[in-house]
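Everything on this sheet refers to the single structure shown next.
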Amino acid sequence: MKKSKKKYVYSGKEELDNSSKFLRNYNLEIVKIFFNHFKSKGSKILDFGAGIGTLSILYEKMSGVKPFCVEIDLENRKSLKSKGFIVFKSIFDSKNNFDAVFSSNVLEHIENDQETLNNIYKKLNNDGLLFLFLPAFQILYSDMDKKVGHFRRYSKQDIKKKIKKAKFKIVYFSYLDSLGFFASFVMKIIGYNEKKGIGSPKSLKFYDKYIIPISFFLDKIGLKFFFGKNLILLAKK
């Protein structure tokens, strides 16, 4: 008897649009982190799970390099193509390998994440880099995670094991957004409401303008090594 697999049907269009519009400081900080590692890696950069291209657009502005994109959702692919990106439905649709791959808030949507990491490894050039931005701590798993199709949030031990199994070597590993840990915990208790409560455009704008600068400052003075809403990981082939 075959096991039934959860079908991924959620495109995340509304959340992607809100993130692009209202989390500019947050997105910029993410791109700065992997840009500082990727800038000497060459021009074949891949945004794996590119969504509507929010991070790719920022990366291109910062580096002058236009990333290639992998995106499974049809509507998101159309959006990316309209913005001038070369888009693949699968990483194996590209004939070329890549110098570096970045992936933000994607792996948690994929049931067989180990296979995905193995495939990314195959499509990287020697010494190629992989940057992952992931939701941390299963204890924070909430209605929001369910709504957007997350199979899991990650512990350090879990993703380390999977990265090493895919034959990568970890270069850098830490949490990000220390205050976001507490905000996510509050959201789990109160509930997620993208219309008028936590998760709404108003709350996102407030978070991005007032909370994020403080949170990233706290990260820089050391809290990122203990906890945070997300994990950032840099690995090398």
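None of these values were measured; they are calculated from a predicted model.
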Problem set entry | Polar side-chain atom of D208 near backbone of R24 as donor-acceptor pair, under 3.5 Å | yes
Exercise. Considering residues at least two apart in sequence or located in another chain, which fulfil the ring-ring contact (aromatic ring centres under 6.0 Å, His included) criterion with F102?
Worked result: F34, Y59
Seminar exercise, completed: Between I212 and N25, the two heavy atoms sitting closest are CG2-CB, 4.3 Å
Exercise. Just by distance, do the side chain of K83 and the backbone of I52 share a donor-acceptor pair under 3.5 Å?
Worked result: yes
Problem set entry | Expected output: side-chain D219 to main-chain S178 donor-acceptor under 3.5 Å | yes
For this session: With sequence neighbours excluded, tell me which residues meet side-chain contact (heavy atoms from CB on, under 4.5 Å) with N96.
Result: K44, S94
Exercise. Where is the tightest heavy-atom contact between N112 and E115, given as atom of each residue plus distance?
Worked result: OD1-N, 3.0 Å
Problem set entry | Heavy-atom check, side chain of F38 versus side chain of V65, under 4.5 Å | no
For this session: Output yes when a side-chain donor or acceptor of H150 lies under 3.5 Å from a complementary backbone atom of V106, and no otherwise.
Result: no
For this session: Please state whether the rings of F227 and F182 are parallel, tilted or perpendicular, taking 30° and 60° as the class boundaries.
Result: perpendicular
Problem set entry | Under 3.5 Å: donor-acceptor pair, side chain of D145, backbone of S142 | yes
Exercise. Between the side chain of E71 and the main-chain N/O of G51, is any donor-acceptor distance below 3.5 Å?
Worked result: yes
Exercise. Sequence neighbours excluded, which residues qualify as ring-ring contact (aromatic ring centres under 6.0 Å, His included) partners of Y210?
Worked result: F206
Problem set entry | K162/D158 ion pair, N-O < 4.0 Å | yes
For this session: Would you indicate whether K156, at its atom NZ, is surrounded by more than 12 heavy atoms from other residues, nucleotides or ligands within a distance under 6.0 Å?
Result: yes
For this session: Walk me through it: do D47 and F68 pass the test side-chain contact (heavy atoms from CB on, under 4.5 Å)?
Result: CA-CA 6 Å; D47 183 350; F68 297 87; over 6 Å; no
For this session: Would you check if the side chain of S103 reaches a backbone N or O of F48 as a donor-acceptor pair within less than 3.5 Å?
Result: yes
Exercise. Are a donor atom and an acceptor atom from the side chains of N118 and Q114 found within less than 3.5 Å of each other?
Worked result: yes
Problem set entry | Partner residues of K89 under the salt bridge (charged side-chain N to carboxylate O under 4.0 Å, His left out) criterion, sequence neighbours left out | none
Exercise. When you check the side-chain N and O atoms of N27 and T54, is any donor under 3.5 Å from an acceptor?
Worked result: no
Exercise. Does one side chain, of N230 or Y26, offer a donor that lies under 3.5 Å from an acceptor on the other?
Worked result: yes
For this session: Could you walk me through whether K236 and D127 pass the side-chain contact (heavy atoms from CB on, under 4.5 Å) test, one step at a time?
Result: CA-CA 6 Å; K236 186 177 182 179; D127 295 324; 3.4 Å; yes
For this session: Please report the C-alpha distance between D73 and R77 in whole Å, then the side-chain angles of each, then the deciding distance to 0.1 Å, and finally whether the side-chain contact (heavy atoms from CB on, under 4.5 Å) criterion is met.
Result: CA-CA 6 Å; D73 183 77; R77 287 204 303 276; 5.8 Å; no
Exercise. So, R152 side chain and I110 main chain: donor-acceptor pair closer than 3.5 Å or not?
Worked result: yes
For this session: Under the side-chain contact (heavy atoms from CB on, under 4.5 Å) rule, what do F173 and L234 come out as? Steps first, then yes or no, please.
Result: CA-CA 6 Å; F173 199 10; L234 183 72; over 6 Å; no
For this session: Flag the pair E60 / I57 as yes when at least one side-chain heavy-atom distance between them is below 4.5 Å, and no otherwise.
Result: no
Exercise. Does the ring center of F181 lie less than 6.0 Å from the ring center of F137?
Worked result: yes
Exercise. Does N105 use its side chain to pair, donor to acceptor, with the backbone of L134 at less than 3.5 Å?
Worked result: no
For this session: Would you indicate whether the side-chain heavy atoms of L124 and F168 approach each other to under 4.5 Å?
Result: yes
Exercise. So which heavy atom on L231 is nearest to which on A136, and how close?
Worked result: CG-CB, 3.8 Å
For this session: Using modelled atom types only, decide if a donor and an acceptor are shared between the side chain of E108 and the backbone of F151 within a distance under 3.5 Å.
Result: no
Problem set entry | Set of ring-ring contact (aromatic ring centres under 6.0 Å, His included) partners for F225, sequence neighbours left out | none
For this session: Any chance you could measure L46, atom CG, to K123, atom NZ, to the nearest 0.5 Å?
Result: 9.5 Å
For this session: Over all heavy atoms of both residues, which pair between M62 and V31 is shortest? Give the atoms and the distance, please.
Result: CE-CG1, 3.8 Å
Problem set entry | Contact check, side chains of L117 and I163, non-hydrogen atoms, under 4.5 Å | yes
Exercise. Take atom CZ in F92; do more than 12 heavy atoms of anything else shown fall under 6.0 Å from it?
Worked result: yes
For this session: Tell me, please, which residues at least two apart from Y154 pass ring-ring contact (aromatic ring centres under 6.0 Å, His included).
Result: none
Exercise. When you measure from the centre of the six-membered ring of F85, is the NZ or CZ of K66 under 6.0 Å away and within 45° of the axis?
Worked result: yes
Exercise. Taking the six-membered ring of Y121, is the NZ or CZ of K237 close enough (under 6.0 Å from the centre) and on axis enough (within 45°)?
Worked result: yes
Exercise. Which heavy-atom pair separates I45 from F98 by the least distance, and what is that distance?
Worked result: C-CD2, 4.4 Å
